[in-house]
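Every chain is numbered from 1, with letters handed out A, B, ... down the list of sequences. Just the heavy atoms: all of them, side chains too, but no hydrogens, waters or symmetry mates, feed the values below.
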Protein chains: 2
Amino acid sequence: MSAAQVEIETISTLNNNDPKLYPEMDLNQANILATGLNKKQLRVVNGLGSFMGSKEMVDLDGNKTKPQIHISEQPWTWENWYQKLNWLNITLVILIPLTGFLVAFSGLVPLKRNVLMFAVFYYGLGGISITAGYHRLWSHRAYNASWPLRLIYAFFGAASVEGSIKWWGHSHRIHHRYTDTPRDPYDARRGLFFSHMGWMIMKPNPKNKARADISDLNDDWIVRFQHRHYIIIMLLAAFVVPCLVCGYLFNDYLGGFIYAGVIRVFCIQQATFCINSMAHYIGTQPFDDRRTPRDNWLTALVTFGEGYHNFHHEFPTDYRNAIKWYQYDPTKILIYSTYLFGLANGLKKFPQNTIDQGILQQNQKKLNRVKQRIDWGPSLNDLPVWDHDDFEQELKTRSGLVIIGGIVHDITGYIKEHPGGENLIKSARGKDATKAFTGGVYRHSNAAHNVLAEFRVAVLKEKTNAAGLFVSRRGELYNKKTN
Amino acid sequence: MSAAQVEIETISTLNNNDPKLYPEMDLNQANILATGLNKKQLRVVNGLGSFMGSKEMVDLDGNKTKPQIHISEQPWTWENWYQKLNWLNITLVILIPLTGFLVAFSGLVPLKRNVLMFAVFYYGLGGISITAGYHRLWSHRAYNASWPLRLIYAFFGAASVEGSIKWWGHSHRIHHRYTDTPRDPYDARRGLFFSHMGWMIMKPNPKNKARADISDLNDDWIVRFQHRHYIIIMLLAAFVVPCLVCGYLFNDYLGGFIYAGVIRVFCIQQATFCINSMAHYIGTQPFDDRRTPRDNWLTALVTFGEGYHNFHHEFPTDYRNAIKWYQYDPTKILIYSTYLFGLANGLKKFPQNTIDQGILQQNQKKLNRVKQRIDWGPSLNDLPVWDHDDFEQELKTRSGLVIIGGIVHDITGYIKEHPGGENLIKSARGKDATKAFTGGVYRHSNAAHNVLAEFRVAVLKEKTNAAGLFVSRRGELYNKKTN
Ligand code: HEM
Ligand code: HEM
Ligand SMILES: [Fe+2]
Ligand SMILES: [Fe+2]
Ligand SMILES: [Fe+2]
Ligand SMILES: [Fe+2]
């Protein structure tokens with residue numbers, strides 16, 4: 001992270017050897033574009049539609065009256081702790097579900113098999129409306145969808161009680177734009193609990209307020225309509241529909257409300273929260289490890305395929321989150337199916353070449369880390385350069401010197417260890433054994449070349465070219481001192 | 001292979017800029033040492049002890065009388081085919097077992113449960129005497145063993161009917177020294193059948209005769225004794241013992257002979273042959289892929305752990321063949337146990353650092369291959385260098401030029417694709433967007449840097465330093481043309 005920072009600064013410095021020569025892009029104007037502040041902004045937060053977020057974070061006129069030190073910056077005390085919490089969100093994501101569970105455990109409303117089955121089905125419908133609709137369609141524009149499909153996603157997405165499309169897409173774009181920074185609403189660096197629910201039940205610091213351009217969302221009448229009438233749509237989709245369906249079909253209004261309503265909502269919310277918490281914590285990083293997102297099949301399992309989050313953050317507009325056939329990504333399959341049925345089109349993919357580049361670079365990075373932990377013997381660049389006289393001189397006191405590939409080695413300690421026997425290696429002492437070592441007697445393995453490197457003591461002045469060539473086989477670079 | 005060859009020759013050439021300066025090791029003398037020809041040689045082949053090999057291949061005086069063109073070099077015809085075959089070996093490894101199977105299938109000698117159990121046990125005893133004794137102890141000197149242990153391995157090793165220790169060790173050292181060359185007795189490049197049994201049932205070409213120093217084996221009285229009395233020891237261990245044991249214990253002399261003798265021998269031979277065939281064909285090459293040996297758990301399963309053959313050829317004097325806890329190498333465990341009981345000592349290991357070096361280098365090699373298959377966009381070194389005038393000039397006809405990191409890109413085709421929207425990327429045209437791209441507006445992912453690289457069209461003369469720095473982040477090297 002900090003290395004990248006330094007790098008950027010160095011680049012900027014170098015870049016400015018003559019600032020007037022090439023006009024720089026105006027950062028202020030660009031940031032206005034990026035936040036959509038150039039457009040007539042419809043309010044992101046709309047009455048109770050704000051919940052799951054915080055009004056202060058998205059309100060345009062939030063700067064007017066605020067205390068000297070914002071409550072989120074004050075230490076926790078017995079006097080102020082309740083002010084630090086967002087009680088509306090606590091009610092919605094903790095207290096209501098808790099009541100639901102209490103009723104369920106009390107046994108007053110027994111769970112019927114049919115109701116359970118409907119709840120599971122409805123859980124899936126609401127969940128996949130979030131992943132295929134809210135997330136990949138609206139937040140990332142990974143494809144285009146016809147209005148009937150959008151209508152379905154807008155209505156049943158509301159059943160998951162995660163805010164309006166508009167609010168959700170806005171936060172989500174901010175999350176992608178500012179991943180792992182203080183402006184990231186679910187900043188994973190602040191801990192698992194914070195990124196899971198903490199960010200929602202505590203009041204955020206308006207200093208970290210961020211905006212993203214959502215003018216494309218505002219252009220969609222379904223998004224606008226859903227946002228304007230969010231409360232009523234949400235109550236209908238999340239509670240009234242399951243209540244009525246279970247009442248009508250199984251004659252169990254209350255069961256429908258508790259199990260297919262309240263408890264189902266709790267489950268789908270928790271599953272979605274996992275993308276902000278688990279998916280930034282547990283798993284592998286095959287594409288890039290500069291940021292926290294991770295690939296994990298377990299997270300994918302509970303989130304209809306969103307668990308391949310390392311891929312997703314690298315290639316956010318790709319309609320797929322998983323690219324291997326054995327990875328679980330039902331959302332991708334749903335999108336592709338709707339495309340086959342003519343309900344969606346313009347499915348975006350990053351080119352496989354670009355994906356392969358990322359994998360390769362990440363693997364190279366891992367390999368470089370391992371490489372640094374291994375002892376490679378002395379580098380030629382650190383060795384003294386001997387001429388013929390030096391060599392003759394040294395030979396008088398050190399009998400174990402052997403020349404291989406223009407490099408002098410002291411193999412004294414290896415004589416007894418030599419897998420090819422003591423005699424051969426002994427008779428190489430004082431000699432140039434390059435040919436013998438590389439095939440004249442025995443073509444040594446790659447391992448033998450590595451063992452050899454540990455015994456290096458000097459480079460021969462007259463053989464620096466040979467030495468450079470010899471070590472290049474191990475991927476070493478020799479900046480010859482003499483020639 | 002040929003690349004390595006070229007390399008060696010280049011090194012030799014370079015090395016000889018003044019051949020008299022540093023005395024070269026005498027290759028002839030070294031080769032005499034390596035083959036043990038300086039020592040009074042006891043015969044490797046001793047009467048029938050030759051079987052499994054071929055007299056001509058190891059006999060010191062084999063050069064005296066031979067035909068113009070050796071039979072192995074003549075084409076197969078109806079007249080000569082039987083001369084090309086080694087009938088003694090065919091009898092031993094095919095005809096006798098065949099008779100054994102015929103008797104077994106005829107039902108004349110029913111297989112008793114007890115005999116089967118003894119056969120399996122005796123199979124293991126004979127097999128592990130080959131792997132722990134013949135192979136790791138005697139052929140590779142991977143450790144030292146006390147005489148009682150050596151006696152056990154010498155006797156029960158003979159029960160596997162694979163020749164004397166001396167003959168076996170000699171061939172095996174040649175196999176390691178000349179792996180994948182015509183001198184390799186089981187040269188894997190000649191096909192699976194050849195390396196499995198073909199080499200043994202066809203007469204080899206004496207041109208490919210090779211020798212290895214086995215003076216250390218000749219110094220061991222147990223090896224000498226076993227070699228001198230090989231036929232009688234082999235017949236005793238392989239057939240008489242199982243016959244008598246089964247006769248005495250289970251009153252089934254004939255069953256003991258057929259099942260624990262003939263058929264067991266066939267099985268252990270085939271399993272051993274797999275090391276020459278399968279272990280050079282099927283499996284992975286985690287340590288080095290310049291030569292054919294491969295790691296494969298299946299081969300390991302039938303050969304008491306010898307299937308980790310890629311490791312073994314790289315680190316032949318290591319008493320282990322498998323280094324991971326989950327890999328199957330009972331021979332290693334046996335050797336370690338005998339060490340704990342004071343029957344063995346001096347267990348040799350290659351240093352873990354050396355092993356890690358090999359793994360890393362092999363992984364790097366694989367990665368480099370993948371890297372070459374990927375399109376990385378134009379290299380800076382292939383791009384034209386533009387000065388300020390060039391840039392202004394080009395801008396008149398190509399509006400999509402954007403400067404990032406001192407490099408000019410033509411992003412025309414990407415405007416509609418840009419995940420951050422059309423407006424931002426459009427307003428970067430004609431400008432230096434380095435800061436905006438690297439964090440001033442949005443800190444783009446590694447993937448975005450890769451996408452960007454595809455659009456490169458020129459390097460800016462005044463910004464070559466910045467360009468070099470910018471691409472170094474992708475591991476690219478820029479040899480600046482101007483400065
Ligand atoms: C000077 C440093 C040397 C080192 C570090 C070294 C290392 C090794 C190693 C690790 C092996 C095991 C097989 C392999 O990994 O390829 C080996 C085997 C062998 N070496 Fe060397 N060696 C050296 C010098 C020489 C020289 C100068 C000669 C010949 C003149 C020689 C001849 C052989 C032979 C014949 C084998 C036996 C191959 C076999 O039977 O499997 N070595 N050496
Ligand atoms: C000139 C070539 C450019 C390329 C190839 C490019 C590529 C990309 C890519 C691949 C993404 C997806 C997210 C990621 O991979 O990080 C992205 C997102 C983005 N880009 Fe660019 N970009 C370019 C220029 C710019 C410029 C000049 C700006 C700003 C002035 C910009 C601003 C953004 C923003 C704001 C996002 C959205 C991030 C989000 O909401 O997730 N891009 N760009
Ligand atoms: Fe994320
Ligand atoms: Fe996303
Ligand atoms: Fe082998
Ligand atoms: Fe071996």
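Q361(A) and N450(B) share a donor-acceptor pair across their side chains, judged by distance under 3.5 Å alone.
Neither the backbone nor the side chain of D289(A) comes within less than 4.5 Å of any heavy atom in chain B. Looking at H444(B), neither its backbone nor its side chain comes within 4.5 Å of chain A, counting heavy atoms on both sides. Residue contact with chain A, scored on non-hydrogen atoms closer than 4.5 Å, is absent for F437(B). Using a 4.5 Å cut-off between heavy atoms, H140(A) makes no contact with chain B at all.
Residue Q352(A) holds its CD atom at 13.0 Å from CG of D375(B), rounded to the nearest 0.5 Å. Here CG of N423(B) is found 7.5 Å from CG of D213(A). Values are rounded to the nearest 0.5 Å. With rounding to the nearest 0.5 Å, the separation of NZ in K371(B) from CG in N363(A) is 12.0 Å. Once rounded to the nearest 0.5 Å, the distance linking CD of E454(B) with CD of Q357(A) reads 6.0 Å. Interatomic distance, CZ of R373(B) versus CG of N353(A), reported as 12.0 Å (0.5 Å rounding).
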Please evaluate residues V370(A) and D356(B) with respect to the criterion side chain to side chain contact (heavy atoms under 4.5 Å, CB included), reporting the C-alpha separation (whole Å), side-chain torsions for both, the decisive distance (0.1 Å), and the verdict.
CA-CA 9 Å; V370(A) 178; D356(B) 290 340; over 6 Å; no
CA sep, side-chain torsions, deciding dist, call: E24(A), K435(B), side chain to side chain contact (heavy atoms under 4.5 Å, CB included):
CA-CA 8 Å; E24(A) 260 192 53; K435(B) 280 187 189 164; 3.6 Å; yes
Given side chain to side chain contact (heavy atoms under 4.5 Å, CB included), test S445(B) with R290(A) step by step and report yes or no.
CA-CA 9 Å; S445(B) 67; R290(A) 265 166 273 229; over 6 Å; no
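Annotation: side chain of P419(B) is not in contact with side chain of R141(A) (no heavy-atom distance under 4.5 Å). In this structure, T181(A) and R443(B) have side chains that are not in contact, with every pair of non-hydrogen atoms separated by 4.5 Å or more. At a threshold of 4.5 Å between non-hydrogen side-chain atoms, the residues S427(B) and Q29(A) do not count as touching.
Nearest heavy atom pair, residue V441(B) against residue A30(A), reads CG2-CB, 3.5 Å. Nearest heavy-atom pair across L424(B) and A34(A) is CD1-CB, 3.9 Å. Nearest heavy atoms, P23(B) versus G430(A): CG-O, 3.8 Å.
Ranked by heavy-atom pairs under 4.5 Å with chain A, the list A453(B), A428(B), G475(B) is led by A428(B). Options T354(B), D288(B), L367(B), V402(B) differ in how many heavy-atom pairs under 4.5 Å they form with chain A, and the most are formed by L367(B). For the options K431(A), R474(A), Q362(A), R173(A), heavy-atom pairs under 4.5 Å to chain B are most numerous at K431(A). Of the listed residues (V451(B), L360(B), L33(B)), the one with the most heavy-atom contacts under 4.5 Å to chain A is L360(B). Contacts with chain A were tallied for K348(B), R177(B), E417(B); R177(B) has the most, counting heavy-atom pairs under 4.5 Å.
The environment of K365(A) atom NZ is dense: over 12 non-hydrogen atoms of other residues, nucleotides or ligands sit within 6.0 angstrom.
Checked options E462(A), H388(A), E392(A); the residue passing with Y22(B) is E462(A) (criterion: side-chain hydrogen bond (donor to acceptor under 3.5 Å, both in side chains)).
For a heavy-atom cut-off of 4.5 Å, chain A lies close to E314(B), F315(B), T317(B) in residues 310-318 of chain B.
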